[in-house]
Amino acid sequence: MSGIGKGVATSSIGRILKSKGLVVTAIKIDPYINVDAGTMNPTEHGEVFVLDDGYETDQDMGNYERFLGETIYSINYMTTGRVYQEIIRRERNLEYKGKNVEVVPHVPLEVLRRIKEAQKNAKADVTIVEVGGTIGEYQNIIFLEAARMLKHESPVDVAVVMLSYVPIPSNIGEMKTKPTQYASRELNSAGLQADVILARATMPIDQKRKEKIATFCNVLPERVISAPDVESIYDVPGNYEKDGLGDILLEVLRLPKRRTDLSAWSAFVRKSKQAKKEITIAVVGKYFDSGSFTLSDVYISVLEAIKTAGYHQGIKTKLVYLNSKDFESGKLPYTELSKYAGVLVPGGFGETGVEGIIGAIRYVREHQIPYFGLCYGMQLMVIEYARNVAGLKGAHTAEIHPQAPHPVIHVMLDQKDKLTKNDYGGTMRLGTYPCKLRSNTLASAAYGKNKIAERHRHRYEVNNAYVGKLTEAGLVFSGVSPDHKLMEIAELPKEAHPFFLGTQFHPEFLSRPLEPHPLFMAFLKSAAEKWKTR
Ligand code: GLN
């Protein structure tokens with residue numbers, strides 16, 4: 001069933017197997033027609049996660065990378081749309097040599113081809129494939145068919161894990177296994193038999209229910225694994241291990257026994273629980289419109305990056321989301337910002353709420369409150385500085401105001417054409433690019449080196465015609481592309497502000513629990529220090 005944590009389950013299985021010394025990779029199958037997640041509205045679908053090679057994917061890929069500590073590539077992500085697109089491309093190229101191209105077997109065969117290629121690409125001992133959606137859904141039947149074919153092809157190399165929800169209806173107060181029994185039959189009707197069942201419930205599943213599920217779902221009772229609600233998603237691998245999931249999977253896959261060494265992971269989990277210094281960071285953004293439930297999903301990587309950086313410094317960070325439209329309407333005064341140890345503006349697109357964000361940036365700049373701007377957050381920071389310090393009245397981004405008197409942010413040259421042709425899917429500047437850092441800056445101090453590479457997702461950039469004026473006014477471009485053409489990081493010197501820094505890239509995509517991102521570390525450090533003295 002969707003929404004009960006398949007992504008975290010997949011990631012956790014990955015971490016466990018990696019902790020056994022195996023090379024692991026993970027694949028996500030999303031059953032929708034969109035070719036990638038790039039054109040989806042974040043308030044509907046959550047964050048768009050960008051891979052190293054520039055592919056725009058579902059936020060689950062972020063979980064995989066964070067839990068596995070591995071870089072994952074575009075071949076590891078497929079949607080129905082992407083699979084069909086490839087099949088149709090091949091058909092047009094006569095690659096099927098005049099044969100009838102049919103949903104079965106050609107679609108599952110293409111799915112399997114991709115799975116095998118991803119495995120080969122990662123040189124993985126174990127490849128975990130997460131099939132999105134719910135068993136019995138019309139949309140994912142074709143992917144289950146692929147799984148069946150794979151199991152048929154090499155029975156001992158495939159383990160089927162079913163994640164099932166075990167409800168405890170409040171009027172009965174008892175754990176009910178019927179939905180799991182039906183789900184298991186539904187899986188059987190697709191020609192698949194679960195080897196392991198992860199029983200998701202609010203509490204650990206008892207022996208009696210394990211046996212019941214075992215009897216009715218054809219699995220061994222010890223292969224029914226408790227998956228109770230936990231305080232943090234990072235507790236999940238340790239929790240599965242309590243039921244011996246790693247060893248069970250090796251057994252199913254007929255792999256030799258290996259010890260699980262979760263010590264590095266557990267040390268991080270311990271740090272996260274021991275972090276005591278509390279600070280609150282305000283995230284000022286604009287995608288907060290669809291009720292408070294999707295909030296954390298829209299910026300999930302940012303949130304994880306902040307929290308992780310905190311844990312590594314003994315800081316427990318609380319996040320408060322402020323809708324920039326409330327600053328514009330006057331519902332929230334800018335002085336509200338003085339309640340926070342730091343302010344972060346994440347990425348975004350379009351006009352709504354932008355003036356509120358610019359106002360907020362002005363306030364934190366003038367009041368020495370640590371500021372961290374990501375992508376749009378950097379562009380708006382440059383606009384604020386241009387307008388209020390460099391004296392460039394009416395400075396703006398061409399994204400919103402193409403005729404602005406001072407387009408300090410303008411469209412990237414190679415993006416112009418794409419925009420006139422309404423070519424929006426997968427056409428931004430995407431993925432990892434190198435960047436050179438200037439010595440003696442906040443950026444170079446944070447990274448501790450002068451050459452970095454970070455992931456991008458943008459169409460607009462700092463207009464080089466204004467770099468001179470902005471620099472004269474005191475803004476430092478501390479990170480630039482190796483050819484010096486693209487401003488990647490802007491900051492104020494330490495003498496002028498404790499931490500005022502924005503990046504054209506998205507550092508949040510490279511932060512991992514065991515390797516916190518240097519810029520998030522530096523931002524939080526400064527926020528915590530400044531907070532002590534305020
Ligand atoms: N809208 C801006 C651009 O396209 C910023 C994008 C972002 O924040 N990811 O350049």
Side-chain angles (χ1 to χ4, degrees), residues 36-43 45-52 54-57 59 62 283-288 297-303 305 324 343-358 360-361 371-384 386 395-402 404 407-433 435 454-464 466 477 479 481 485-490 501-511 519:
D36 57 36
T39 51
M40 289 186 204
N41 182 343
T43 49
H45 188 73
E47 173 187 84
V48 176
F49 190 81
V50 180
L51 300 179
D52 244 22
Y55 204 63
E56 297 168 287
T57 71
Q59 62 192 37
V283 177
V284 180
K286 40 187 281 176
Y287 295 121
F288 300 149
D297 263 13
V298 176
Y299 301 121
I300 182 95
S301 295
V302 176
L303 203 132
S324 57
V343 170
L344 182 143
V345 173
F349 295 83
E351 182 167 14
T352 38
V354 151
E355 287 304 323
I357 297 179
I358 295 176
I361 298 175
Y371 173 78
F372 194 13
L374 313 178
C375 206
Y376 215 18
M378 178 262 206
Q379 297 176 354
L380 299 176
M381 164 185 154
V382 170
I383 294 169
E384 188 281 320
H396 220 315
T397 164
E399 177 172 356
I400 297 176
H401 189 6
V408 290
I409 305 295
H410 69 168
V411 67
M412 301 184 72
L413 204 59
D414 61 338
Q415 292 290 328
K416 261 191 191 149
D417 241 22
K418 293 168 186 161
L419 284 181
T420 32
K421 288 187 199 140
N422 283 356
D423 182 7
Y424 291 118
T427 58
M428 281 184 247
R429 177 170 181 251
L430 289 165
T432 298
Y433 287 91
C435 165
E454 293 277 359
R455 294 186 190 172
H456 297 70
R457 182 173 187 250
H458 63 118
R459 255 183 240 289
Y460 297 83
E461 60 163 341
V462 173
N463 183 346
N464 286 340
Y466 288 95
F477 289 101
S481 59
K485 285 199 178 130
L486 217 140
M487 301 303 119
E488 293 274 23
I489 308 178
L501 183 144
T503 59
Q504 183 56 80
F505 48 81
H506 289 272
E508 68 270 27
F509 294 144
L510 288 186
S511 165
L519 289 179

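Indexing begins at 1, ligand by ligand and atom by atom, following the structure's order. Throughout, residue positions are numbered sequentially from 1 according to the sequence presented.
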**Item:** Nitrogen or oxygen of Q379 less than 3.5 angstrom from that of ligand 1
**Value:** yes

**Request:** Using distance alone, with no hydrogens and no angle criterion, decide if E47 and S301 have a side-chain donor and acceptor under 3.5 Å apart.
**Result:** yes

**Fill in**
closest protein heavy atom to atom 4 (O) of ligand 1 is R459 N, 3.0 Å

**Request:** Answer yes or no: is there an ion pair linking R459 with E399, defined by an N-O contact shorter than 4.0 Å?
**Result:** no

**Fill in**
If you scan protein heavy atoms around atom 7 (C) of ligand 1, the nearest is C375 SG, 3.0 Å

**Request:** Could you name the option among Y460, Y376, F505 that has the heavy atom nearest to atom 10 (O) of ligand 1?
**Result:** Y460

**Request:** For atom 9 (N) of ligand 1, find the nearest protein heavy atom and state the residue, atom name and distance (0.1 Å precision).
**Result:** R457 O, 2.9 Å

**Item:** Interatomic spacing from CZ in R455 to OG1 in T432 - rounded to 0.5 Å
**Value:** 5.0 Å

**Request:** Flag the pair F509 / F49 as yes when at least one side-chain heavy-atom distance between them is below 4.5 Å, and no otherwise.
**Result:** yes

**Message:** Strictly below 4.0 Å, N to O, side chains only: are E454 and R429 in salt-bridge contact?
**Reply:** no

**Item:** Spacing of CE belonging to M428 relative to CG belonging to D414, to within rounding of 0.5 Å
**Value:** 12.5 Å

**Message:** Among V345, L501, V284, exactly one meets side chain to side chain contact (heavy atoms under 4.5 Å, CB included) together with Y371. Which residue is that?
**Reply:** V345

**Complete:** Here the atoms of ligand 1 under 4.0 Å from any heavy atom belonging to G347 are 8 (O)

**Asked** Got the closest protein heavy atom to atom 5 (C) of ligand 1, with its distance?
**Response** G348 O, 3.3 Å

**Request:** Tell me which protein heavy atom sits closest to atom 1 (N) of ligand 1, plus the residue, atom name and distance to 0.1 Å.
**Result:** E399 OE1, 2.7 Å

**Item:** Non-hydrogen atom of H506 closer than 4.0 Å to ligand 1
**Value:** yes

